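The basis for the numbers below is simple: all heavy atoms, side chains too, and nothing from hydrogens, waters or symmetry mates. Remember, it's 1-based here, ligands and their atoms both numbered in the order they're listed. Owing to the predicted nature of the structure, the values given are computational and were not obtained by experimental measurement.
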Amino acid sequence: MKKKTPVIFVTKPILPPIEDFICSLKRIWENGIITNNGPFHIEFEEALTKHLRVKHISVFSNGTLALLSALQALDIKGEVITTPFSFVATTHALWWNKITPVFADIEPDYLTLDPARIEEAITPRTTAIMPVHVYGNPCKMEEIEKIAQKHKLKVIYDAAHAFGVEVNGKSIHNYGDLSVLSFHATKVFNTIEGGAIVSHDSNMKKHIDHLKNFGFEDEVTVAEPGINAKMNELQAAYGLLQLKTINKYIGKRKVISDKYREALKDVPGIHFLKDVPGIKHNYAYFPILISKENDRMSRDKLYNKLIENGIFGRRYFYPLISSFPPYKNLQSAERENLPVAHEVAAKVICLPIYPDLDLSMVENISKIIINHAKN
Ligand SMILES: Cc1ncc(COP(=O)(O)O)c(C=O)c1O
């Protein structure tokens with residue numbers, strides 16, 4: 001019988017040990033509290049605050065609702081400068097708040113918003129900047145802060161990829177007015193679906209907590225039109241268990257990332273992003289850029305070659321958000337405004353990386369790439 005080729009996806013979620021989760025479920029069944037700021041929710045927020053070394057955290061049912069609520073919490077209106085090189089939820093969160101997204105280009109080393117391009121995009125209607133720590137790579141936060149201060153703009157970081165990343169010993173989530181996380185199944189740290197907003201003072205945390213619960217301040221007071229974005233007790237209990245193992249699993253990701261770097265370092269036409277100095281990374285993604293283009297080799301040819309071998313990399317982030325119908329007619333979406341983003345979107349493949357990925361498979365994937373690049 002022919003051996004079936006295993007199928008490898010770009011990521012695979014880590015789940016907590018089932019016996020431990022059953023114990024948590026038993027406690028939930030005993031408590032009879034399944035949502036609405038129950039004991040697991042409270043414990044999870046406290047544990048996350050300590051783990052990420054931040055002042056305040058509000059957990060959410062998913063990252064998109066956290067982004068929508070972060071914009072509401074700061075009462076952002078008008079235009080917001082953001083990146084086209086991200087997952088669509090970043091821009092959708094602006095659109096749902098009736099804010100006009102203004103795309104600025106990314107810089108070529110780490111693929112985050114280029115501060116010089118941000119400054120050029122500011123108009124009298126600009127109220128905020130929403131950069132993304134894409135692949136967990138920190139944005140140029142000091143420069144962005146200076147621009148924000150100079151022009152009196154708010155900064156909301158989309159930190160969906162950046163769980164636990166530290167810069168010079170400081171949590172990345174301490175930067176900006178708010179920092180928004182996703183705990184979706186595809187992320188380094190998952191609560192199946194989930195997300196969070198990191199805030200820096202207790203009044204803001206309270207405000208965010210009201211917003212995610214319909215705007216209720218107490219039993220009889222609804223001070224503003226909030227939404228239902230609460231994390232339930234099952235997700236919070238699951239997340240608490242995930243926190244126990246996250247550091248070990250980020251360590252495993254690093255081993256895989258190092259192995260790819262070593263295997264692919266001298267392959268002509270294949271580049272990867274430089275290590276960011278002074279950061280503790282989370283190794284959320286392993287993007288490579290393919291600069292060779294001929295009859296046999298191109299990004300899409302390599303992408304398809306990998307699929308032929310059962311390896312499902314992803315062309316994150318292609319197409320650019322600015323190319324999608326809801327946004328493509330914006331002036332800032334014009335190709336000439338976004339040359340770096342267009343170039344990178346045409347060259348990138350994210351290779352499989354997740355803690356359970358066998359190192360022999362990393363070797364196989366690298367070999368397929370090396371053989372293909374020889375052509
Ligand atoms: C950059 C970015 N922002 C926002 C989101 C939305 O998060 P969620 O899927 O938890 O709603 C995601 C991922 O899904 C993302 O990758």
request  = Specify whether Tyr238 and Phe21 have parallel, tilted or perpendicular ring planes, treating 30° as the upper limit for parallel and 60° as the lower limit for perpendicular.
outcome  = perpendicular
shortest atom 12 (C) of ligand 1-to-protein heavy-atom contact is with Phe87 CD2, 3.5 Å
Honestly, for Glu193 the part within reach of ligand 1 (heavy atoms, under 4.0 Å) is neither
>> If the contact criterion is a heavy-atom separation under 4.0 Å, does Ser86 count as touching ligand 1?
In response: yes
Looking only at protein heavy atoms, what sits closest to atom 2 (C) of ligand 1 is Ala160 CB, 3.4 Å
Residue set satisfying ring-ring contact (aromatic ring centres under 6.0 Å, His included) with Tyr260, at least two apart, ordered chain then number -> Phe286
**OP:** Indicate whether the side chain of Asp358 and that of Ser360 have a donor and an acceptor atom separated by less than 3.5 Å.
**Re:** yes
Looking only at protein heavy atoms, what sits closest to atom 14 (O) of ligand 1 is Lys187 NZ, 3.1 Å
Atom 16 (O) of ligand 1 has as its nearest protein heavy atom His161 NE2, 2.8 Å
d(Lys252 NZ, Ile353 CD1) to nearest 0.5 Å is 13.0 Å
- Would Gly194 count as a contact of ligand 1 if the rule is a heavy atom under 4.0 Å away? yes
Angle between ring planes, Phe183 versus Phe189, binned at 30° and 60°: parallel, tilted or perpendicular? perpendicular
One finds that the ligand 1 atoms under 4.0 Å from a non-hydrogen atom of Thr90 are 1 (C), 3 (N)
Between the NE2 atom in His372 and the CG atom in Asn309, the distance rounded to the nearest 0.5 Å is 10.5 Å
May I ask you to check whether Asn137 and Thr112 show a side-chain donor-acceptor distance below 3.5 Å?
no
Lys154, NZ: over 12 other non-hydrogen atoms inside 6.0 angstrom
no
Nearest non-hydrogen protein atom to atom 11 (O) of ligand 1, with distance, is Thr64 OG1, 2.6 Å
If we number the atoms of ligand 1 from 1 as shown, the ones under 4.0 Å from a heavy atom of Asp158 are 1 (C), 2 (C), 3 (N), 4 (C)
inquiry  = Below the 3.5 angstrom mark, is there an N/O of Phe183, backbone or side chain, next to an N/O of ligand 1?
reply    = no
The atoms of ligand 1 lying under 4.0 Å from a heavy atom of Ala89, numbered in the order shown, are 4 (C), 5 (C), 6 (C)
